[in-house]
Amino acid sequence: MGYYEFKKEDAYEFARASGIQTKQRGDELQFLYCPYCNGGKNRDRGTFAINLISGQFKCLRSSCSVSGNMLTLAAEFSWFSLGNDVEAYYQTGRQQRYRKFKKMQAIKPKPAAITYLESRKITAATAEQYQITVQSKHENVLVFPFLDEKGVMQFIKYRKTDFNPERDNNKEWCEANCKPILFGMYQCNLDNKTLILTEGQLDSLSVSESGIENAVSVPNGKNGFTWVPYCWDWLQNFDTLIVFGDCERGSITLLDDMRRRFRGTVKAVRQQDYKGCKDANELLQKYGRDAVKNAVEQAEALPLKQVKELADVEAVDLYSLPKVPTGIKSLDRVLSGGLYLGQTVILTGKRGDGKSTLASQILANALNDGNKVFAYSGELQDYHFKRWIDFQIAGKHNVIDKAGDNGSVSYFIPREKTEKISAWYRGRAYIYDNQSLTDEEPAELIETIEKAVQQYDIKLVLLDNLMSALDVGMSVDLYRAQSKFVDKLVKMAKRQQVAVILVVHPRKNSFGTDDNDSVSGSADITNKVDVVMTYKRGKDLPEDQRLLTVSKNRLTGKLATGEKAISLYYDDTSKRISDTSKFFTVPYAWEEDADGFISIDQVEQMEIPF
């Protein structure tokens, strides 16, 4: 979820949940006292209020002055909720208890810090503004305090000023269990709607040193975007983002990711304005403040993404493109390694044949491979979907069967193991709240998926079953709606570079031999997507055996139809599907007390207990 659209009913719900008396005056819902500081119980009635148009709140007492919006209230008061979709936005922060630092007065830079920063052309005044110092016992270790917009310490990073690669293991490191935020947030002027983003702290200090406001830097380098969920609301204060990343091998770090993530205008410092330097601090040292200021002021908006010169298109080995393995070796061979990022895949099959089970199996395998996933289920409750995929993640060896009085058998996973499984995929697996569906759900769904992909770095999305969510009767309008939705979905997958599996029911009374033509709905749906797969039992197959055909594969053209269809096995106990029965008892990474993930390719080398 990228942003929240305020509804005044949420303000009234917060009032009800808080138990504080309120009174509406004009466009404000005024509270008897402030839920933060408790001020107002005596004579300051009305100092805390929520604006019923914007959803912004503020306490007017100077000793408190707290402000924010409904998302802030949902994040900071455990007894108030805006729904599961908004809860998912703050889920990582609520479950992960980051350390809290004691409140302290502004840090005064020590002489050793000022001496080093001056050697990098950063003055004592800038050091004082950003409260840069060194460790008391190690004056060669620079300390960068990361303060949030309220001035609260959230993150601390260190840098060795005399780093020697032959002697030292790390040049930079941070305090453990800190909330990742942007460096320089507290020093920003929110009236200025332009934000400058650099990779290193010395670089953002260099921009500030050159007289440019609102310079911030990322906590964990060019590939670390753990800060995004915690700074997402704050980023909405700005209309323009200027990326001043490191210039490496003809490209600028941070640029591609922020181009996808930032909602406003993204500009980049021109490569010629780096003057052959790697970053802002090197530019400051060699050419002075005016060069850094000029680089920021001359930053240009990125060219149209839809238009480029063909000669500028890089020649790429298709087989080396990033992908998400399905974990089913026979299928991955046909797909040349798995589901490629940017692809949309249709998975179809008769009702009851298990296409949804196969889809969740691919999701489970993707989680085990270290990827983040998102699921939408138009037919299952969230707890039902979770139970199904938990069985697949648990494996046959962790499932206990229980005989019923009537001879039936039920299966369950011990509670301590389900809790361990949930902890294993927390922060990596998300599901759409299908209790919040509306008549405009298709547009809402794509918007929610795209924001989830942006914020949580999702690599694989499952939609099951889209057609039931769009079911408005057999009419031209239905087919038009389906075609339009799939078209938007395909474009989103390519735009965000995420793999999408779309489960679709087969066309009723379909007697044709072409699996592409048997897909229910508009005839052009299969034309829009990249891969079409059909999962079926087969009349002459044993009860535990299935067939999977690949009737369209746009990337390489390799298919698996007819006699070349992929033979799969299904285990009712674990709900697992694979091309080898050995896989039913393969342990997933949640059973390992290690940081790594078990690759499906290791199955044949493992001793499997039966």
Side-chain angles (χ1 to χ4, degrees), residues 98-102 104-148 152-187 196-210 215-227 244-249 252-254 274 276-289 292 595:
Y98 291 112
R99 65 186 299 180
K100 292 185 178 180
F101 297 93
K102 293 181 180 179
M104 61 182 70
Q105 294 180 343
I107 300 170
K108 296 294 183 182
K110 295 179 180 178
I114 293 176
T115 299
Y116 175 76
L117 290 174
E118 287 180 341
S119 73
R120 306 294 292 258
K121 302 298 182 182
I122 297 169
T123 62
T126 300
E128 289 181 7
Q129 181 185 3
Y130 288 85
Q131 305 182 38
I132 312 300
T133 189
V134 291
Q135 289 184 338
S136 299
K137 296 182 179 180
H138 305 282
E139 291 193 340
N140 64 329
V141 178
L142 207 61
V143 181
F144 296 99
F146 286 59
L147 309 180
D148 64 18
V152 179
M153 181 94 72
Q154 299 288 1
F155 190 93
I156 301 177
K157 191 171 181 179
Y158 303 102
R159 177 190 176 97
K160 275 203 170 184
T161 58
D162 58 350
F163 174 73
N164 184 339
E166 297 181 358
R167 176 194 64 202
D168 302 317
N169 292 327
N170 297 306
K171 182 178 183 179
E172 295 182 333
W173 67 96
C174 61
E175 284 282 350
N177 200 32
C178 292
K179 180 188 289 186
I181 63 171
L182 293 170
F183 174 75
M185 290 174 64
Y186 183 56
Q187 289 79 11
I196 296 87
L197 181 68
T198 70
E199 183 176 334
Q201 282 65 63
L202 291 176
D203 299 319
S204 58
L205 292 174
S206 298
V207 174
S208 179
E209 180 69 33
S210 303
V216 296
S217 49
V218 298
N220 295 315
K222 63 182 179 181
N223 297 319
F225 286 88
T226 55
W227 56 270
F244 201 158
D246 289 2
C247 189
E248 299 176 343
R249 295 184 293 277
I252 299 174
T253 61
L254 304 175
Y274 280 84
C277 298
K278 176 188 175 185
D279 51 38
N281 185 246
E282 185 179 345
L283 185 63
L284 175 66
Q285 293 183 73
K286 289 185 177 181
Y287 298 98
R289 298 178 184 177
V292 176
D595 294 332

Participant: Taking C-beta and beyond as the side chain, do I132 and T126 meet within less than 4.5 Å on heavy atoms?
Facilitator: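 Sidechains of T126 and I132: no contact.
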Participant: Measure the CG-NZ distance between N177 and K100 for me, rounded to the nearest 0.5 Å.
Facilitator: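 Atom-to-atom, N177:CG and K100:NZ are 12.0 Å apart.
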Participant: Does some side-chain heavy atom of C247 sit less than 4.5 Å from a side-chain heavy atom of D279?
Facilitator: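 No, too far: nothing below the 4.5 Å cut-off.
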Participant: Which distance, rounded to the nearest 0.5 Å, do you find between the CD1 of I114 and the NZ of K108?
Facilitator: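 Going from CD1 on I114 over to NZ on K108, the span is 10.0 Å.
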Participant: Between E209 and R289, is there a salt bridge with N-O shorter than 4.0 Å?
Facilitator: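 Yes, charged N to carboxylate O under 4.0 Å.
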Participant: Compare every heavy atom of I181 with every heavy atom of Q154, then report the nearest pair and how far apart it is.
Facilitator: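 So the two residues come closest at CB-CD1, 3.7 Å.
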Participant: From C277 SG over to D246 CG, what is the distance, rounded to the nearest 0.5 angstrom?
Facilitator: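 Taking SG in C277 and CG in D246, the distance rounds to 11.5 Å.
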Participant: Please tell me whether Y274 and F244 form a close aromatic pair, meaning their ring centres lie under 6.0 Å apart.
Facilitator: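 Ring centres of F244 and Y274 closer than 6.0 Å.
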Participant: Between Q285 (side chain) and A280 (backbone), is there a donor-acceptor pair under 3.5 Å?
Facilitator: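 No: the side chain of Q285 does not pair with the backbone of A280.
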Participant: Does any N or O in the side chain of S204 come within less than 3.5 Å of the main-chain N or O of A215, such that one atom is a donor and the other an acceptor?
Facilitator: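 Judged by distance alone, no pair lies under 3.5 Å.
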Participant: Are V152 and Y186 close enough that some pair of their side-chain heavy atoms sits under 4.5 Å apart?
Facilitator: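 Side-chain contact under 4.5 Å: no.
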Participant: Charged N to carboxylate O below 4.0 Å: is that the case for R159 and E172?
Facilitator: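 Judged by the 4.0 Å cut-off on N to carboxylate O distance, R159 and E172 do form a salt bridge.
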Participant: Given side chains that start at C-beta, do those of T161 and V141 come closer than 4.5 Å, heavy atoms only?
Facilitator: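 No, side chains not in contact.
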Participant: Quick check on side chain to side chain contact (heavy atoms under 4.5 Å, CB included): which of T198, I122, L205 does N281 satisfy it with?
Facilitator: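 Answer to the side chain to side chain contact (heavy atoms under 4.5 Å, CB included) test with N281 among T198, I122, L205: I122.
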Participant: Are the side chains of V218 and L197 in touch, meaning some heavy atoms are under 4.5 Å apart?
Facilitator: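 With C-beta onward as the side chain, the pair touches.
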Participant: Is the shortest side-chain heavy-atom distance between T123 and L117 below 4.5 Å?
Facilitator: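 Side chain of T123 against side chain of L117, heavy atoms only: no contact under 4.5 Å found.
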Participant: Any donor and acceptor pair, going by atom type alone, linking the side chain of E282 with main-chain N or O of K278 inside 3.5 Å?
Facilitator: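 Here the side-chain-to-backbone pair exists.
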Participant: A side-chain contact here means heavy atoms from C-beta on lying under 4.5 Å apart; do K110 and S136 qualify?
Facilitator: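 SC-SC contact between K110 and S136 confirmed.
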Participant: Salt-bridge test for E175 and K157: reply yes if a basic N is under 4.0 Å from a carboxylate O, no otherwise.
Facilitator: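 The answer is no: the pair does not qualify as a salt bridge.
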Participant: Kindly determine whether Y287 and V292 satisfy side-chain contact (heavy atoms from CB on, under 4.5 Å), including the steps that lead there.
Facilitator: CA-CA 8 Å; Y287 298 98; V292 176; over 6 Å; no
Participant: Is any side-chain heavy atom of L284 closer than 4.5 Å to one of D203?
Facilitator: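 No - every pair of side-chain heavy atoms lies 4.5 Å or more apart.
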Participant: Quick check on the 6.0 Å ring-centre criterion: do F155 and F183 meet it?
Facilitator: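 Ring-ring flag for F155/F183: false, centres at least 6.0 Å apart.
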Participant: Quick one: do F144 and I156 satisfy side-chain contact (heavy atoms from CB on, under 4.5 Å)? Show the steps, please.
Facilitator: CA-CA 6 Å; F144 296 99; I156 301 177; over 6 Å; no
Participant: Under the side-chain contact (heavy atoms from CB on, under 4.5 Å) criterion, do L147 and M185 qualify, and how do the steps go?
Facilitator: CA-CA 7 Å; L147 309 180; M185 290 174 64; over 6 Å; no
Participant: Indicate the atoms forming the closest heavy-atom contact of Y158 with Q135, along with that distance.
Facilitator: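 The answer is CE2-NE2, 3.4 Å.
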Participant: Which heavy atom of K222 sits nearest to which heavy atom of E248, and what is that distance?
Facilitator: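 So the two residues come closest at NZ-OE1, 3.2 Å.
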Participant: Evaluate the side-chain contact (heavy atoms from CB on, under 4.5 Å) criterion for residues R99 and C178: first the C-alpha distance (whole Å), next the side-chain angles of each, then the deciding distance (0.1 Å), finally the verdict.
Facilitator: CA-CA 6 Å; R99 65 186 299 180; C178 292; 3.8 Å; yes
Participant: What's the separation between atom CD in E166 and atom CG in D168, rounded to the nearest 0.5 Å?
Facilitator: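 It comes to 10.5 Å.
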Participant: Taking all non-hydrogen atoms of both residues, which atom of Q131 and which atom of P145 are closest, and how far apart?
Facilitator: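 Nearest pair, atom of Q131 first, then P145: O-CG, 3.2 Å.
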Participant: For the atom pair CG (N140) and CZ (F163), what is the distance rounded to the nearest 0.5 Å?
Facilitator: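 Output value for this atom pair is 12.5 Å.
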Participant: Give, for atom CG of L182 and atom CG of D148, the distance between the pair rounded to the nearest 0.5 Å.
Facilitator: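 Those atoms lie 11.5 Å apart.
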